[in-house]
Amino acid sequence: MSLSNEKKKEMFWIMLLSRRLDERAWVLHRQGKIAFHISGIGQEAAQVGAASAITKGKDWLVPYYRDLAMMIAMGMTPAEFLMSLFGKAAEPTSGARQMPSHFSLKRANIVSHSAPVATQSPHAAGIALGIKMDKSDQVVLTTIGEGATSQGEWYEAVNFAAVHTLPVVFLVENNQYAISVPQKLQMAVSGAAEKACGLGLEGIKVDGTQVFKVHQTVLDAVVKARQGEGPTVIEAEMYRLTPHSSDDDDRSYRTREEVERHKKKDPIILAKNHLLSEGLLSEEEYQTLEEKAKSQVDDAVKAAQQAPFPKGETAASPVYAQEVNHG
Amino acid sequence: MSLSNEKKKEMFWIMLLSRRLDERAWVLHRQGKIAFHISGIGQEAAQVGAASAITKGKDWLVPYYRDLAMMIAMGMTPAEFLMSLFGKAAEPTSGARQMPSHFSLKRANIVSHSAPVATQSPHAAGIALGIKMDKSDQVVLTTIGEGATSQGEWYEAVNFAAVHTLPVVFLVENNQYAISVPQKLQMAVSGAAEKACGLGLEGIKVDGTQVFKVHQTVLDAVVKARQGEGPTVIEAEMYRLTPHSSDDDDRSYRTREEVERHKKKDPIILAKNHLLSEGLLSEEEYQTLEEKAKSQVDDAVKAAQQAPFPKGETAASPVYAQEVNHG
Amino acid sequence: MAEITLVEAVRQAMDEELGRDKKVFVIGEDVGVRGGVFRATVGLFEKYGDERVIDSPLAELTIVGVGIGAALYGKRPICEIQFADFIYPAFNQIISEAAKMFYRSNGDWSVPMVIRAPYGGGIGGGLYHSQSVEAFFTHVPGLKVVIPSNPYDAKGLLKSAVRDPNPVLFFEPKKGYRLIKGEVPDDEDYTVPIGPAKITRAGQDMSVFAYGMMHHYALQAAETVAKEGIDVEIVDLRTLYPVDRETILKSVRKTSKALIVHEDNLTGGYGAEVAATIAEWGFMDLDAPIRRLAGPDVPAVPFSHPMQGWFMVDADKIANAIRDLASF
Amino acid sequence: MAEITLVEAVRQAMDEELGRDKKVFVIGEDVGVRGGVFRATVGLFEKYGDERVIDSPLAELTIVGVGIGAALYGKRPICEIQFADFIYPAFNQIISEAAKMFYRSNGDWSVPMVIRAPYGGGIGGGLYHSQSVEAFFTHVPGLKVVIPSNPYDAKGLLKSAVRDPNPVLFFEPKKGYRLIKGEVPDDEDYTVPIGPAKITRAGQDMSVFAYGMMHHYALQAAETVAKEGIDVEIVDLRTLYPVDRETILKSVRKTSKALIVHEDNLTGGYGAEVAATIAEWGFMDLDAPIRRLAGPDVPAVPFSHPMQGWFMVDADKIANAIRDLASF
Ligand SMILES: Cc1ncc(C[n+]2csc(CCOP(=O)(O)OP(=O)(O)O)c2C)c(N)n1
Ligand SMILES: Cc1ncc(C[n+]2csc(CCOP(=O)(O)OP(=O)(O)O)c2C)c(N)n1
Ligand SMILES: [Mg+2]
Ligand SMILES: [Mg+2]
């Protein structure tokens, strides 16, 4: 089933909005207004392509910290994200308990994730187990960086899903680096897709800079999972265009030339050119989208800045869920 | 390089001696003389085949609890094993601190292992790293059950060895069960050898009931490792002919017919027939070996029974290795 | 009221909870056809099928991590760790995930799950089948830690644990599995609340705090010293975390002396927190040093019989510690 | 004597030990070209090469498990865990293997290794970049646990740790990495012994026990209350495990009052053991309850600034606790 023109434009819009939002976070950091940002720049195609392959409000997402564009695609608003950057009480992931980008969005079946990498993968398998038990046709999408697939946790999660033919898609966002560590020091295979053969499930590599290609690949895996045919590992290849985070300085471990080379495959530009060449978008429309993105981000910054901080002592709870009546 | 006749007979002798020793342990348990035994019956071919592929006193072995025959092949005496069954002070693995079959033999470069499965695998990789750093031509052989390859620990160890091209052979003794759990509930691949493709190294399946076949397969991997060409996963297929341990009752999870069927592929019988058919062994010689085994085991039981228990308070140490001079 | 063993109480609790609530399921190594290596799940596989009694791969991280995911989805997993000694591969999932999920999501996501594991020594299990692991978890906000000492509590507390919306670690004194018998109500609906400790023997001369197998021995020791005129109060701590400070302090207020007993290593063990609690908030009630009787600070219980005996706290050692403190 | 930062002291210790002993190597995430995310290994990769300064896969179990293997072979690994919060995947290797290897092999196999990790809050790191994890390890015979509070000790203790034939956990107060400066001898051969705590300020009115960043704040608080006439003795615990009971008890014998400070959660934290030690063996010296000032019992330090401030113990809170206890 091919994507409608409207859907394609919508996907591009989400990518663009996420990019401008992400860039603004860097600006706010340089201005000293926020303490920390971890960026998804360069990974929007994979994220939006994947998110648009699952059904909002029905399926489950177990994301990781780079998935800003994926979260926007799933309905998190720019203001919500910005509130988490500022540590404001109303941010929806954690009431500002967690660092920014440790996503969670209950209303969209998006599970809270933490900083220790790969811990989310077994959760995705567990959710899928619940789905299978209930004979529901939901699916789970979960993401991870290629570096984090070195954790035994990821292996165990994929293994369990494969043994029990669970409805889950393991998307690996391979951006070439784990902070400073290149793929060749993580694994002896050509990428995470190749890891799948050792676990008894399908592994697919896709160009992660091409949003519509990723979409189709993930969609196929989602359909397969929905039909009870089990899990898939998908590796989306791309490049982390920014330093690891606002605390990182990537000049110590990669050349500027390398980074510049990859900017030519910037997924926003690729998607824009695709839409332009297919006649789905004009330069004027594009400008309008840019303005819309700018104004939405401006508004969101304002709203987030005005929102109140949590009171310190509100951090005392909630440690435990309400007791049930034991009697 | 094919095995000499002498070596072949020696390997058979070790298998036979280990079997009779192992059987005696079951008898001692039935007699209430020992509290616990975990058996290697059915796995002798793989163990002796593999042990005879490394160089004693030079290479390293990181074994697991079923490796009685492997330990005998590496020079542990029947009396030493029996002392550990009785919990006697002089047993060489732990001074009777550990349960029996938690092997260690410092004099033979055999590292102490514990009960939590798969913890030994990263140690093997680490020893191999040390060897590589020193540009030594030692190799490491490490063993594990097929069930334990479900642990992330095993995956991480093999991954590290593959990334760094380390001189280590990962031998998986696939005896079909992890206590009661069959392979199909552990993994979605056809066996542990297939796991290797996801980790970027060679994976080889071998009939684990045939001692000389196992020997050749492991020897090839050892030679390869020694030449700096990296690690190999070898899966030896066999069958656990006894219950998991003296605490187990296997009738709840497998039929007697299944067990009987596999007894036809008893590695001791296969090896004996091989030697008989090649004219390397006569029935008389075989009887002599049986008598020798019996008398060695008899003597060892006597020695072990007479050996003193440790005094309770000796358990207070050694918790820490001697302090170095900090000044 | 039928008299049953501790392990049978555990089995019954799971059986009844599986029957009561379709969301409940059991996952662990050998819990299926084998019925568990301690036979705690016998019959459940046959009764509830392989989707609700799941033989997991040999991987504790998987058992707990998948359990957490299923709990997030809305299920009520009971995760069995075959021996407490093997819980460490799941440590990251328990500490980083189960314990912190509710807090970190500001109450959006909860993890209603039980992690059961047999613990403790004295059964010839050596270093890796004898460990007490409670102190690693009685320090972790977001978790609850429960250790029953008898069949009544085991069944009632396990049922409460299954119904609790939080992650509950449920450690079972394996030496007592068949040794400790007791009456359990026929009423399917009785439960024992998680939280309160229980005074299981009233006394005047000192308070002895214990749990699990050590509580069993403490009661025996109390009978022994009673004949010598020492009247001991025994408190079964039962829920170790959150700490029931009130009951602890109330008892010390009455007796003015405290002895804490556990089989885990002394230093940094659970007894340290009980002692610190009394030393901070019950200080004015005390008229003797706070004593701890615990396993020695060696890595774990050794295998060989004489060494195991040297390590383990038993009724005799408790009686001696009581006499010693009584004479202060 | 040059004045350097705490993180530079750590770096120098590694540099010198790598230079001194070919068996020493460093392994961890981003320790190579990147020089560590806190720059604790800057320059070492260039100086010693990629076989002695190894960028590991993103897997803490691998870092520690491979380290143990290398130590068994005869190497002296320094394993870096990027944040203490990420040590849990390696927990099984540390607790089951490193800690128990020497004992279980009756002294045949030893594990001379150091596991370094930055720990502690107050740096905007939120729940997973702020944790204090020491209490999980100060309960484990076979391990040593060291936390330096200043550059002199950091360098001297880390060098001792590398030379120690046992597994040593070395937790570095990351908030003090650049904040805390101090003089360090030029002599390459000075070390600070693992074991003894240190009285860093002599006083009469009470003993304050602290370590890491909290020791730094305790000294500040002591100066504040000194102006009010309260004369506090400060003990920098430094080696947390094995516990230096002698120094702790000696100080209480002198002051008769004890306050224990840590930023880790209160319940089951290291302070419990210090309190229990005093309540058992220093009881007769006490004339006030033993107080603990610690992080509240919530899962970890929250991110947002006001909440972080609410959580963290600081010099003001310590001064208040001192005043409170002084007035008892
Ligand atoms: C268990 C654990 N160890 C270390 C870290 C520190 N850390 C955060 S992100 C990161 C690199 C992750 O690389 P990758 O998985 O490739 O994802 P990417 O950041 O490139 O998207 C590291 C080492 C962590 N968060 N968790
Ligand atoms: C971490 C851990 N979990 C559980 C156990 C309990 N246990 C001991 S052996 C075993 C089965 C091992 O099966 P496998 O790896 O196939 O080896 P085998 O015993 O068949 O040789 C189990 C579950 C253990 N020793 N360690
Ligand atoms: Mg990456
Ligand atoms: Mg097996």
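Hydrogens, waters and symmetry mates are skipped; everything else that's a heavy atom, side chains included, is used. Note on naming: letters A, B, ... go to the chains in the order of the sequence lines (proteins, then strands), and numbering restarts at 1 for each one.
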Taking non-hydrogen atoms and a cut-off under 4.5 angstrom, which of residues 65-72 of chain D neighbour chain B?
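Hits under 4.5 Å: D:Gly65, D:Val66, D:Ile68, D:Gly69, D:Ala70, D:Leu72.
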
Given D:Ala59, D:Ser56, D:Gly107, the one with more heavy-atom pairs under 4.5 angstrom with chain B than any other is D:Ala59

Ranking D:Ser110, D:Gly142, D:Pro167, D:Gly156 by heavy-atom pairs under 4.5 Å to chain B gives rank one to D:Gly142

Examine whether an atom of [X] lies under 4.5 Å from a heavy atom of chain B, and if so say whether it belongs to the side chain, the backbone or both; otherwise answer neither.
X	answer
D:Pro141	both
D:Leu143	backbone
D:Asn92	side chain

Using side-chain contact (heavy atoms from CB on, under 4.5 Å), reason through D:Ile94 and D:Val140 one step at a time and then give a plain yes or no.
CA-CA 10 Å; D:Ile94 300 171; D:Val140 183; over 6 Å; no

Should the pair B:Lys88 and B:Phe86 be classed as cation-pi, given the thresholds of under 6.0 Å to the six-membered ring centre and 45° from the axis?
yes

Between B:Leu129, B:Val140, B:Val111, B:Asn109, which residue shows the highest count of heavy-atom pairs closer than 4.5 Å to chain D?
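The option with the most such pairs is B:Val111.
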
Between CG of B:Asp134 and CD of D:Glu51, what distance do you get to the nearest 0.5 Å?
9.5 Å

Nearest-0.5 Å distance, CD of residue D:Glu80 to CZ of residue D:Phe170:
12.0 Å

Pairing of D:Glu17 and D:Arg20 as salt bridge, 4.0 angstrom limit:
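Between D:Arg20 and D:Glu17 there is a salt bridge, with a charged N closer than 4.0 Å to a carboxylate O.
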
Chain D contact via [X] - which portion, at a heavy-atom distance below 4.5 Å:
X	value
B:Val319	both
B:Thr93	backbone
B:Ala115	neither
B:Ser121	neither
B:Ile110	backbone

Go through B:Ile54 and B:Val139 one step at a time and tell me if the side-chain contact (heavy atoms from CB on, under 4.5 Å) criterion holds.
CA-CA 8 Å; B:Ile54 61 173; B:Val139 301; 4.2 Å; yes

Are a donor atom and an acceptor atom from the side chains of [X] and [Y] found within less than 3.5 Å of each other?
X	Y	result
D:Glu97	B:Ser114	yes
B:Glu153	D:Gln93	yes
B:His102	B:Ser94	no
D:Tyr241	D:Glu273	no

Test side-chain contact (heavy atoms from CB on, under 4.5 Å) on D:Arg238 and D:Val192; report intermediate values, then the result.
CA-CA 10 Å; D:Arg238 299 198 301 190; D:Val192 174; 3.7 Å; yes

Residue-level interface, residues 55-85 of chain B with chain D, non-hydrogen cut-off under 4.5 Å:
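The residues closer than 4.5 Å to chain D, in numerical order, are B:Trp60.
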
May I ask you to decide if the ring planes of D:Tyr152 and D:Tyr190 are parallel, tilted or perpendicular, using 30° and 60° as cut-offs?
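Tilted.
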
Whether B:Phe160 and B:His164 hold their rings parallel, tilted or perpendicular, with breakpoints at 30° and 60°
tilted

Measure across B:Ala25 and B:Ile34 and return the closest heavy-atom pair with its distance rounded to 0.1 Å.
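Smallest heavy-atom distance, with atoms named: O-CD1, 3.4 Å.
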
Tell me if a side-chain donor or acceptor on B:Lys195 pairs with a main-chain N or O of B:Tyr155 at a distance below 3.5 Å.
no

